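Here's the structure, in structure tokens; my notes come after.
Every heavy atom of this structure was used, including side-chain atoms; hydrogens, water molecules and symmetry mates were not. We count ligands from 1, going down the list as the structure has it; atoms in each ligand are counted the same way. Predicted model, so just to flag it, every value in this text is computed and none were measured.
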Amino acid sequence: MTLTLGFHGGAGTVTGSRTLLTTDRRQVLVDCGMFQGLKELRLLNWKAPSFDPRSVDDVLLTHAHIDHSGYLPRLVKEGFRGPIYATPATIELVRILLRDAARLQEEDADYANRKGFSKHETALPLFTEADAERALGLLLPVPYDEWIELNGGVRARYSNAGHILGAAHIEVAVSDGGSDTNVVFSGDVGRYHMPLHPDPTPPPRCDTLVLEATYGDRHHSDEPLIQQIRKPFLEALGRGGTILIPAFAVARAQLVTLMLRELMESGALPEVPIHIDSPMAVDVTRIYSRYYGEPELSDSHGGRMRPLFPKNVRFHRTVEESKQLNNLKGPRIIISSSGMLTGGRVLHHLFRVLANPRDLLALAGYQAVGTRGRALEEGAKSLRIHGQDVPVRCHFISLDGFSAHADADELLRWVTSGPALPTRVFVNHGESEASTTLVKRLHDEAGIDAITPGLNERFVFDASSRSWGAKQS
Ligand SMILES: [Zn+2]
């Protein structure tokens with residue numbers, strides 16, 4: 001048997017996840033993400049991948065997030081023609097996310113051309129809406145917990161990873177020339193004891209595990225969210241103020257709504273209107289609602305299921321509906337994206353909230369370097385919004401615990417929760433500090449042989465000794 005793993009993205013970074021599994025007879029790409037964040041990373045999207053997209057037979061998609069799916073339209077543009085396997089819920093979400101990403105790409109290129117600041121004669125989008133549609137046409141649904149045959153001696157099985165709706169870790173079994181082995185790809189691992197998303201299913205017995213390390217060196221707060229929220233929220237509502245919660249449209253917006261409902265129903269917070277002002281969040285919440293109560297979203301902790309469309313939640317899809325929010329009186333909660341205040345409708349609300357001492361701004365997730373959210377966390381006294389400097393006079397809190405990612409302890413818990421420990425773990429999809437810290441913990445606390453592959457490094461499996469050789473660039 002010949003088996004190699006190539007790490008063509010998500011190596012030393014948390015974006016651009018692409019891992020290529022190659023046998024004599026099959027090439028399977030697990031995830032096909034876009035590089036995001038710093039410019040040097042984003043430029044990687046424009047480089048041809050170091051494998052030939054035309055020779056890839058199948059793509060296995062762990063979940064819908066753009067850092068795992070956003071390169072698919074480009075892969076198809078570069079000649080990929082095979083099936084893209086994903087769970088039914090992932091397919092629904094990825095339709096929304098890829099169309100949105102394509103629209104943004106086209107708008108950005110258009111803007112650059114009108115302003116004339118592109119270095120190239122004509123700025124081009126990384127992919128167009130037509131490219132996205134071609135990729136979406138290749139999606140094939142796979143259920144959780146059933147084997148699918150990919151031919152060439154390769155099979156795959158998806159299990160619920162908890163992370164977001166539809167997310168999976170994928171076991172790939174390879175049998176060739178009388179020997180067989182398996183590799184599990186963790187995708188993004190979800191958290192334990194969270195409402196809305198179930199605990200991640202334990203990994204199956206495996207020889208090799210490719211593990212994400214987004215929070216490989218972090219610990220999520222032990223203080224329950226309810227405790228973090230209660231006092232500042234009560235005070236802001238008591239002042240008759242607006243509470244603005246910037247939140248990602250997928251998973252975060254739904255989780256925030258659910259938690260607020262829980263607090264209102266238990267009497268911990270007064271009943272005030274919750275406005276969800278993001279067209280994408282409206283669409284995604286609709287999908288979440290359909291899966292609510294199904295195994296995909298079962299709450300494993302019982303008795304906490306709440307409808308996602310309760311009576312005091314109002315959805316705002318159009319710009320007109322969004323503008324009407326400005327004229328409302330009285331205390332209210334507004335959830336809008338983007339989650340790190342980098343763009344989107346949330347900026348219009350931020351403009352009003354920031355300068356108002358009655359109001360409260362509550363950040364609900366990781367704020368990357370260079371974003372307005374990070375600037376606020378670091379004590380910025382004013383923010384530039386739509387060309388104006390706006391003083392920070394509102395109240396401000398940063399909530400810890402809405403993350404959809406397992407922290408370091410939870411990653412270790414997940415790795416060791418299967419029937420046996422993996423023989424080798426490749427730690428990728430993490431900044432280098434997070435990855436190396438997790439490698440050390442896997443070794444010291446679980447005795448597992450773990451390494452961090454670099455970008456475009458390949459490793460060959462020796463079937464006779466059942467071990468992995470040294471890296472090849
Ligand atoms: Zn993710």
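S337 meets the side chain to side chain donor-acceptor pair (under 3.5 Å) test with S278; sequence neighbours excluded.
Ring planes of F459 and F7: perpendicular class, angle over 60° (limits at 30 and 60°).
For the Zn ion (ligand 1), the nearby protein N/O/S atoms, meaning those under 2.8 Å, are H63 NE2, H65 ND1, H163 NE2, D188 OD2.
R155 places no side-chain N or O within donor-acceptor distance of the main-chain N or O of L150, the cut-off being under 3.5 Å. A donor-acceptor pair under 3.5 Å links the side-chain atoms of N45 to the main chain of F35, judged by distance alone. Put simply, the side chain of R191 never gets that close to the backbone of E410: no donor and acceptor are under 3.5 Å apart.
Aromatic pair H63/Y158: ring centres not closer than 6.0 Å.
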